[in-house]
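Working notes, beginning with the structure itself.
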2 protein chains.
Amino acid sequence: MVEHDLNRIFHALSDPTRRAILDRLAAGEATISHLSRPFPLSFAAVSKHLGVLEHAGLVTREKRGRERVCRINPAALEDAHNWLEFHEHFWTSRLEALDTLVGTSPDNLDE
Amino acid sequence: MVEHDLNRIFHALSDPTRRAILDRLAAGEATISHLSRPFPLSFAAVSKHLGVLEHAGLVTREKRGRERVCRINPAALEDAHNWLEFHEHFWTSRLEALDTLVGTSPDNLDE
DNA sequence: GTTATATTCAACTGTATGGTTGAACATGAT
DNA sequence: ATCATGTTCAACCATACAGTTGAATATAAC
């Protein structure tokens with residue numbers, strides 16, 4: 001896993017339309033036109049969003065006849081998930097360590 | 001938790017400089033000038049990044065004398081973490097359900 | 001073959017982003 | 001009071017982004 005993978009994944013997830021598309025894809029594969037229907041956006045705009053998601057590895061597109069079927073790829077979330085999990089724990093434990101050091105916690109009064 | 005919180009958090013995390021700043025803050029609070037030193041960026045650029053992080057709730061800035069001390073706020077990661085955790089599980093289970101339905105798994109051959 | 005459908009691509013627009021610089025301001029040090 | 005330091009702010013620039021439209025392409029249906 002490399003830096004720019006995270007850049008792409010987090011960037012892809014930062015747009016509500018793209019997150020909605022992902023949610024929709026969780027219900028099963030779908031074509032682009034089918035995906036674009038519920039959005040107040042042009043077909044091309046949704047296709048671009050799919051491009052961003054595909055580039056981030058979150059979605060795969062497979063040509064099937066004249067249409068293109070999109071599927072979700074949960075594995076790509078792992079990079080982001082791992083980053084968050086590690087940092088959340090790391091940061092929290094560092095902060096707790098600092099608290100203990102400084103002795104701001106009331107529990108430390110009788111030590 | 002609202003939609004635009006996630007937008008801001010994911011967007012804040014999508015930049016490698018900002019993630020590096022967060023990592024640096026995990027080691028303890030720091031002033032902006034101290035944070036900006038290791039980066040090949042102007043002071044103002046780093047200050048802007050801090051602004052983005054603060055706006056996303058990931059960092060707090062407190063004025064102390066003439067300098068401004070930045071601290072990390074791990075709690076803000078929870079929104080993103082929860083979103084990822086839920087969707088990763090949800091997507092994966094949905095995909096497994098579809099697999100079972102279609103019977104593509106070799107385990108289903110003798111049923 | 002013609003037509004309709006699904007998609008891509010290119011061109012364009014407006015706005016956001018990430019960066020710069022230099023001026024302004026507040027506070028600490030001398 | 002003066003000077004140095006830490007920070008913000010405003011102006012500016014280049015590029016990226018999200019959106020549009022219309023033309024081009026590929027495939028299915030008739």
Side-chain angles (χ1 to χ4, degrees), chain A residues 2-25 28-72 80, chain B residues 2-25 28-72 80:
Chain A
V2 228
E3 275 288 289
H4 63 259
D5 288 338
L6 275 181
N7 298 354
R8 284 203 273 259
I9 293 174
F10 280 133
H11 172 243
L13 294 177
S14 74
D15 183 283
T17 301
R18 285 194 287 266
R19 290 200 303 275
I21 291 176
L22 289 173
D23 273 340
R24 202 131 205 295
L25 281 178
E29 59 182 31
T31 67
I32 305 184
S33 53
H34 184 240
L35 281 170
S36 78
R37 221 160 294 153
F39 294 101
L41 293 175
S42 70
F43 180 92
V46 174
S47 180
K48 276 193 191 176
H49 280 303
L50 261 318
V52 173
L53 291 167
E54 188 178 30
H55 198 224
L58 291 162
V59 157
T60 58
R61 286 195 275 190
E62 180 204 338
K63 195 168 180 177
R64 189 182 299 168
R66 73 182 144 181
E67 49 193 19
R68 198 160 281 248
V69 175
C70 307
R71 261 191 301 278
I72 211 167
Chain B
V2 228
E3 274 288 289
H4 63 260
D5 288 337
L6 274 182
N7 298 354
R8 285 202 273 258
I9 293 174
F10 281 132
H11 172 243
L13 295 177
S14 73
D15 184 282
T17 301
R18 286 194 286 267
R19 290 200 304 275
I21 290 175
L22 289 174
D23 273 341
R24 202 132 206 296
L25 281 178
E29 60 182 32
T31 67
I32 305 184
S33 53
H34 183 241
L35 281 171
S36 78
R37 220 160 295 153
F39 293 101
L41 293 174
S42 69
F43 181 92
V46 174
S47 181
K48 276 192 192 178
H49 281 303
L50 261 319
V52 172
L53 291 167
E54 187 177 31
H55 198 226
L58 290 161
V59 158
T60 57
R61 285 195 275 190
E62 180 204 339
K63 194 167 180 176
R64 189 182 301 168
R66 73 180 144 181
E67 49 193 22
R68 196 159 282 248
V69 174
C70 306
R71 259 191 302 278
I72 212 167

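Chain letters run A, B, ... following the sequence lines, proteins first and then strands; every chain starts at 1. Only heavy atoms go into these numbers, but all of them, side chains included; no hydrogens, no water, no symmetry mates.
- Heavy-atom nearest nucleotides on DNA chain D were determined for A:A44 and for A:R64, and the one closer to the 5' end corresponds to A:A44.
- Atom CZ of A:R18 and atom CG of A:D23 lie 14.0 Å apart (nearest 0.5 Å).
- Within 4.0 Å (heavy atoms only), B:S47 reaches sugar-phosphate atoms of the nucleic acid but no base atom.
- Contact annotation for B:S42: base contact, defined as any heavy-atom pair under 4.0 Å involving a base atom.
- When distances are taken from the side chain of B:K48 to each of C:dA11, C:dT20, D:dT7, the shortest belongs to C:dT20.
- Within the 4.0 angstrom heavy-atom criterion, only backbone atoms of the sugar-phosphate kind lie near B:H11; the bases stay farther away.
- The CG-P distance, from B:L50 to D:dC9, rounds to 13 Å in whole Å.
- Between B:E62 atom CD and D:dG6 atom C1' the separation is 15 Å, expressed in whole Å.
- Regarding B:H49, its NE2 atom lies at a distance of 18 Å from the P atom of C:dA16, rounded to whole Å.
- In terms of phosphate contacts, A:T17 brings no side-chain nitrogen or oxygen within less than 4.0 Å of OP1 or OP2 of D:dA18.
- Residues A:T17 and A:D15 share a closest heavy-atom pair of N-OD1, 2.8 Å.
- Atom pair A:E67:CD and D:dA29:P shows a separation of 10 Å (rounding to whole Å applied).
- Under 4.0 angstrom from either OP1 or OP2 of D:dT5 there lies no side-chain N or O belonging to B:S33.
- With hydrogens and angles ignored, a donor-acceptor pair under 3.5 angstrom links the side chain of B:R66 to the base of D:dT5.
- Between B:N7 atom CG and D:dC17 atom P there is a gap of 16 Å when expressed in whole angstrom units.
- Between A:N7 and B:R19, the closest side-chain pair of non-hydrogen atoms falls below 4.5 Å.
- One finds no side-chain N or O of A:T31 lying less than 4.0 angstrom from the OP1 or OP2 phosphate oxygen of C:dA6.
- Counting all heavy atoms, side chain and backbone alike, B:A30 lies closest to B:L25 at N-CD2, 4.0 Å.
- Proximity note for A:I32 (side chain, C-beta onward) versus D:dT8, C:dT7, D:dG19: the nearest is C:dT7.
- In this structure, B:L35 atom CG and D:dT5 atom P are separated by 19 Å, rounded to whole Å.
- Annotation for B:R71 and B:R64: closest pair NH1-NH2, 3.8 Å, computed over non-hydrogen atoms.
- For B:R61 and D:dT8, the shortest distance from a side-chain N or O to OP1 or OP2 is below 4.0 Å.
- The distance from atom CG of B:D15 to atom C1' of C:dA16 is 14 Å, rounded to the nearest whole Å.
- Distance A:F43 CZ to D:dT20 P: 13 Å, rounded to the nearest Å.
- Relative to the side chain of B:R18, the nucleotides D:dT7, C:dG18, C:dT8 differ in distance, and C:dG18 lies closest.
- Candidate nucleotides D:dT8, C:dT27, C:dT8 were compared by shortest atom distance to the side chain of B:K63, and C:dT27 ranks first.
- For the side-chain contact (heavy atoms from CB on, under 4.5 Å) criterion with B:L53, the lone passing option out of B:I9, B:L13, B:V59 is B:V59.
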